[in-house]
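Working notes, beginning with the structure itself.
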Amino acid sequence: QSTAGTIDLYYGDESQVSETGYVPYGWQFEDEEVFIEVAKGKSLNCFGMISRKSELIFKTTDQSINADFIKTQLDEFSLSIQKPTVLVLDNARIHTARKIKERFKFWQQRGLYIFYLPPYSPQLNICERLWKELKARWIKPENYQSADSLFYAVQLALMAVGQELVINFSDYCL
């Protein structure tokens with residue numbers, strides 16, 4: 001239905017970007033000792049909803065993302081939709097909280113429908129790919145010089161999604 005244009009389809013998720021950095025993997029020579037110092041730093045929490053056309057709606061905060069935050073974002077989102085819209089979410093507690101489920105009828109009256117993925121299936125949520133691209137490719141090492149420069153880089157990258165930064169999602173597989 002999304003491909004035919006009868007509904008809008010978004011995938012939602014949250015992630016965190018931190019001064020600590022993003023190191024998905026590493027390697028070293030046998031005779032080499034490599035380590036990364038443990039450091040605590042400021043972090044920025046991100047909630048995003050992305051379509052397969054790389055249309056992104058996002059909100060960042062330095063506060064924790066909880067069910068109240070998600071409820072507020074979905075309330076605002078439901079006011080902006082133009083046609084029936086399905087939002088795919090994982091089974092995180094903040095997505096399945098009572099205060100979220102209590103809003104289903106209200107959102108459905110506005111045309112917003114929530115669909116939950118099966119448990120333990122992050123590979124089915126294309127928003128996970130957004131966070132990987134953000135952390136692994138779009139944020140550069142020099143952006144980690146300060147919390148301000150890092151958070152500014154995150155905002156710039158997320159605002160550029162769908163324009164200068166595009167993720168090409170397949171219609172048939174992830």
Side-chain angles (χ1 to χ4, degrees), residues 1-17 43-139 143 150-174:
Q1 289 180 340
S2 175
T3 304
T6 57
I7 68 166
D8 283 332
L9 177 63
Y10 286 86
Y11 296 78
D13 196 28
E14 52 282 319
S15 189
Q16 184 180 76
V17 178
S43 60
L44 185 68
N45 293 308
C46 310
F47 174 69
M49 296 175 284
I50 191 167
S51 73
R52 288 188 176 273
K53 298 176 202 164
S54 288
E55 298 162 331
L56 176 65
I57 298 159
F58 73 94
K59 179 75 172 186
T60 60
T61 179
D62 60 357
Q63 303 297 308
S64 293
I65 293 181
N66 56 26
D68 288 323
F69 180 92
I70 299 296
K71 182 174 90 79
T72 299
Q73 299 314 306
L74 297 185
D75 279 344
E76 290 176 14
F77 179 54
S78 72
L79 290 171
S80 68
I81 60 177
Q82 302 296 313
K83 59 181 150 184
T85 302
V86 175
L87 175 62
V88 177
L89 296 171
D90 61 24
N91 283 278
R93 274 189 225 175
I94 61 173
H95 299 158
T96 60
R98 182 171 19 109
K99 55 181 74 176
I100 298 295
K101 290 186 174 184
E102 288 172 349
R103 300 293 284 174
F104 279 10
K105 282 188 181 183
F106 178 77
W107 292 329
Q108 288 173 3
Q109 290 172 349
R110 292 182 175 177
L112 177 62
Y113 299 87
I114 306 298
F115 175 83
Y116 291 111
L117 291 170
Y120 309 108
S121 55
Q123 75 280 6
L124 299 177
N125 190 340
I126 66 172
C127 202
E128 298 285 355
R129 187 71 203 171
L130 167 71
W131 304 133
K132 180 166 173 85
E133 293 294 322
L134 175 68
K135 294 175 185 180
R137 291 191 31 214
W138 299 338
I139 299 173
N143 298 137
L150 176 61
F151 300 164
Y152 181 67
V154 169
Q155 291 289 338
L156 286 180
L158 292 176
M159 288 188 303
V161 171
Q163 296 156 26
E164 296 94 37
L165 301 175
V166 177
I167 305 171
N168 292 316
F169 300 108
S170 168
D171 288 334
Y172 305 104
C173 62
L174 296 175

Is there a side-chain contact (heavy atoms from CB on, under 4.5 Å) between Leu150 and Leu44 once you walk through the steps? CA-CA 9 Å; Leu150 176 61; Leu44 185 68; over 6 Å; no

Trp138 vs Leu130, side-chain contact (heavy atoms from CB on, under 4.5 Å): CA-CA, chis, key distance, verdict: CA-CA 10 Å; Trp138 299 338; Leu130 167 71; 3.8 Å; yes

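For Asn91 (side chain) and Leu117 (main-chain N/O), a donor-acceptor pair under 3.5 Å exists by modelled atom type. Of the possible donor and acceptor atoms, one in the side chain of Thr6 sits under 3.5 Å from a partner among the backbone N and O of Gln1. Judged purely by atom type and a 3.5 angstrom limit, Asn125 uses its side chain to pair as donor or acceptor with the backbone of Gly12. Looking at Thr85, its side chain does come within 3.5 Å of a backbone N or O of Lys83 through a donor-acceptor pair. Panel note: side chain Thr61, backbone Asn45; no donor-acceptor pair is recorded below 3.5 Å. One N or O on the side chain of Ser51 and one on the backbone of Lys53 form a donor-acceptor pair closer than 3.5 Å.
For the pair Leu124 and Pro118, the minimum side-chain heavy-atom distance is below 4.5 Å. Side-chain contact check for Trp107 versus Ile100: some heavy-atom pair is nearer than 4.5 Å. Looking only at side-chain heavy atoms (C-beta outward), Leu74 and Met49 come within less than 4.5 Å of each other. No side-chain heavy atom of Ile81 sits under 4.5 Å from any side-chain heavy atom of Asp8. Considering only heavy atoms from C-beta on, Asp90 comes within 4.5 Å of His95 through its side chain. Looking only at side-chain heavy atoms (C-beta outward), Phe69 and Glu14 stay at 4.5 Å or farther from each other. Side-chain contact between Met159 and Phe58 is present, with at least one heavy-atom pair separated by less than 4.5 Å. In this structure, the side chains of Tyr11 and Glu128 stay at 4.5 Å or more apart for every pair of heavy atoms.
Under the rule for a ring-ring contact (aromatic ring centres under 6.0 Å, His included), the partners of Tyr10 that lie at least two apart in sequence or sit in another chain are Phe77.
Listed here is the closest heavy atom pair of Lys99 and Lys71: O-CD, 3.8 Å. Listed here is the closest heavy atom pair of Ala157 and Leu134: CB-CD1, 3.7 Å. Closest approach of Gln16 to Ser43, counting heavy atoms only: NE2-OG, 3.3 Å. Closest approach of Leu112 to Ser78, counting heavy atoms only: CD2-CB, 4.1 Å. In this structure, Cys46 and Leu158 approach most closely via the heavy-atom pair SG-CD1, 4.3 Å.
Within a 6.0 Å radius of OH in Tyr152, other residues, nucleotides and ligands contribute 12 heavy atoms or fewer. Gln82 CD: 12 or fewer foreign heavy atoms inside a 6.0 Å radius.
The line from CG of Leu9 to CD1 of Ile126 is 7.0 Å long, rounded to the nearest 0.5 Å. Rounding to the nearest 0.5 Å gives a distance of 7.5 Å between CG of Asp62 and CZ of Phe151. Atom OG of Ser121 is separated from atom OH of Tyr116 by 13.5 Å, given to the nearest 0.5 angstrom. Taking CD1 from Ile167 and CZ from Arg137, the interatomic distance works out to 8.5 Å, rounded to the nearest 0.5 Å. The distance from the CZ atom of Arg93 to the CD1 atom of Ile70 is 15.0 Å, given to the nearest 0.5 Å.
At a threshold of 4.0 Å, the pair Glu133-Arg129 counts as salt-bridged, since one of the basic side-chain nitrogens sits closer than that to a carboxylate oxygen.
A side-chain donor-acceptor contact under 3.5 Å links Ser15 and Lys135.
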